[in-house]
Amino acid sequence: MATTRIVAATMKAAQITKPGGDFEIVEREIPSPGAGEVLIKVQACGICHSDVLTKDGLLPGIQYPRVPGHEVAGVIQEVGERVSAWKVGQRVGVGWHGGQDGTCLSCRRGDFRNCRNLKIPGIHYDGGYQQYMLAPVEALAAIPETLSAIEAAPLLCAGITTYNALRHSGALPGDLVAVQGIGGLGHLGVQFASKFGYKVAAIGRGPENATLAKKLGATVYIDSKANKAAEELQKLGGAQVILATAPNSKAMSELIDGLGPNGKLMVVGASSDAIEVTPIQLIFGSRTIQGWAAGTPTDSEDTLRFSELTGVRPMIETYPLAQAAEGYARMMSGNAQFRVVLTM
């Protein structure tokens, strides 16, 4: 079996040693892939808001020290035993879906996205804030040659989340689709919605994003600070779908009345507080609320190919691995424009 051996014995990694701990740049031994695994030479890794789960220990059972990162783009450096479909030198990415057990009821039904024992890079095993990373083959997505690693990395989480949610939303070309939030998720959601052929209403707070929203493909920009967004959507006939990307449950609650008949609120922005809705709001108009989380590696490949074909690209700020703490703080500040990516 062909492999490329690593000359250097160590690599740099940005790790967290305890919940709420600071990032530490450390030297680690470069691992060797086991059966069914590959070793990836990481070229870029996006910093996602969900990395807070590892940084602050918000999920039970995380073992520390842990290297975060689930928006990984790189090149296969070495393959383990029983790996035949992936080759050394192949460009690959790893997103939120980092592997499934293959035995739970969801997996037996082919619904790998909802595996009961889903593995998430950076949570269940070390992620992409490091120069080399191990990944199981079921987590790999092929990256098209025309997308750079820096461009591809955010598409493996923010991209797939908005792309997959929209294509499963039931909206048809020509339908009014609203995207709440012009941020890390929302700026991609507007682009995908436009390329899908929807009439896109972008919803932001304040007038400053109006020009950008139109540039990204929005037909209409709604300033939710100056107007009631739900009323503005109803003036347009009511939204078939509202893609809620900003993690603000109060803002999501205020949009439900903006849905048209059989309209759907698609929730991808994660927040811990409750979305408030009355049964009457749902019953009259047959409205629904649905959550959506990322997708499988084949969904990632669909996202990457669609982006390649249509020109959808994330807006990015880059930081070197040595400045992982600064990059993470920039992302958490909410001021990044709009995705933060670590480069190796």
Side-chain angles (χ1 to χ4, degrees), residues 6 10-19 21 23-83 85-86 90 92-104 106-107 112-141 143 149 152-153 156-157 160 293-297 299-300 321 324 328 342 344:
I6 309 300
T10 62
M11 64 177 182
K12 293 188 182 298
Q15 68 177 21
I16 302 295
T17 59
K18 62 182 180 180
F23 282 98
E24 298 179 1
I25 306 298
V26 298
E27 292 278 341
R28 288 187 171 191
E29 289 187 5
I30 297 173
S32 297
E37 291 183 331
V38 302
L39 177 67
I40 300 171
K41 182 177 182 180
V42 179
Q43 296 173 322
C45 183
I47 299 179
C48 180
H49 193 276
S50 297
D51 292 339
V52 73
L53 299 174
T54 302
K55 178 71 165 60
D56 293 347
L58 301 181
L59 288 181
I62 299 178
Q63 296 181 4
Y64 293 89
R66 179 61 78 219
V67 176
H70 59 267
E71 295 183 351
V72 187
V75 176
I76 295 178
Q77 187 77 33
E78 187 176 350
V79 299
E81 295 181 0
R82 301 200 303 272
V83 177
W86 301 90
Q90 188 170 357
V92 293
V94 179
W96 178 262
H97 189 106
Q100 65 273 352
D101 64 19
T103 60
C104 72
S106 292
C107 285
F112 301 119
R113 190 172 61 88
N114 288 311
C115 173
R116 284 186 173 273
N117 298 297
L118 176 69
K119 295 179 182 178
I120 303 169
I123 294 177
H124 298 103
Y125 57 86
D126 286 333
Y129 288 27
Q130 55 184 337
Q131 292 176 312
Y132 293 89
M133 169 188 167
L134 292 176
V137 291
E138 61 266 25
L140 301 179
I143 296 177
L156 293 163
C157 182
I160 183 181
T296 65
D299 293 324
S300 289
L321 178 62
Y328 179 84
L342 296 177
M344 308 301 152

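Here, residue 1 is the first one in the sequence, and each next residue gets the next number.
Nearest heavy atoms, A153 versus G46: CB-N, 3.8 Å. E138 approaches G99 most closely through the heavy-atom pair CG-CA, 3.6 Å. Closest approach of G21 and I16 over heavy atoms only: O-CD1, 3.7 Å. Here the closest heavy-atom approach between residue Y125 and residue A139 is recorded as OH-CB, 4.0 Å. In plain terms, the two heavy atoms of C157 and E71 that are nearest each other are CB-OE2, 3.0 Å. Across all their heavy atoms, A14 and A324 have their closest contact at CB-CB, 3.8 Å.
In this structure, OH on Y132 lies 12.0 Å from OG on S32, to the nearest 0.5 angstrom. Atom-to-atom distance recorded for I123:CD1 and H70:NE2 is 7.5 Å, nearest 0.5 angstrom. The distance from the CG atom of N114 to the NE2 atom of H97 is 10.0 Å, given to the nearest 0.5 Å. The OG1 atom of T10 lies 12.5 Å from the CZ atom of R28; values are rounded to the nearest 0.5 Å. One finds the CD1 atom of I76 at 14.0 Å from the NZ atom of K41 (value rounded to the nearest 0.5 Å). For the atom pair CD of E37 and CD of E81, the computed distance is 11.0 Å after rounding to the nearest 0.5 Å.
Residues in residues 53-68 take part in these salt bridge (Lys or Arg N to Asp or Glu O under 4.0 Å) pairs, two or more places apart or across chains: R66-D126.
Only one option out of Q130, E78, M11 pairs with P31 in a side chain to side chain contact (heavy atoms under 4.5 Å, CB included); it is M11.
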Working note: V72 + L156, criterion side-chain contact (heavy atoms from CB on, under 4.5 Å); need CA distance, chi angles, decisive distance, verdict. CA-CA 7 Å; V72 187; L156 293 163; 5.6 Å; no
Go through it in stages, so that I can follow the logic: the residues are Y64 and Q15, the test is side-chain contact (heavy atoms from CB on, under 4.5 Å), and I'd like the CA-CA distance, side-chain angles, deciding distance and then a yes or no. CA-CA 9 Å; Y64 293 89; Q15 68 177 21; over 6 Å; no
Could you walk me through whether C45 and M344 pass the side-chain contact (heavy atoms from CB on, under 4.5 Å) check? CA-CA 8 Å; C45 183; M344 308 301 152; 4.1 Å; yes
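V38 has its side chain within reach of V83: a pair of non-hydrogen atoms, C-beta onward, lies under 4.5 Å apart. Contact annotation: the side chain of L140 never approaches that of P297 to less than 4.5 Å [non-hydrogen atoms, C-beta and beyond]. Residues I30 and Q77 have side chains not in contact (no heavy-atom distance under 4.5 Å, counting atoms from C-beta outward).
Residues passing the salt bridge (Lys or Arg N to Asp or Glu O under 4.0 Å) test with E27 are K12, sequence neighbours excluded. Every ring-ring contact (aromatic ring centres under 6.0 Å, His included) that F23 has, sequence neighbours left out, goes to Y129, Y328.
For the 3.5 Å distance criterion, the side chains of D51 and T54 fail to qualify, holding no donor opposite an acceptor.
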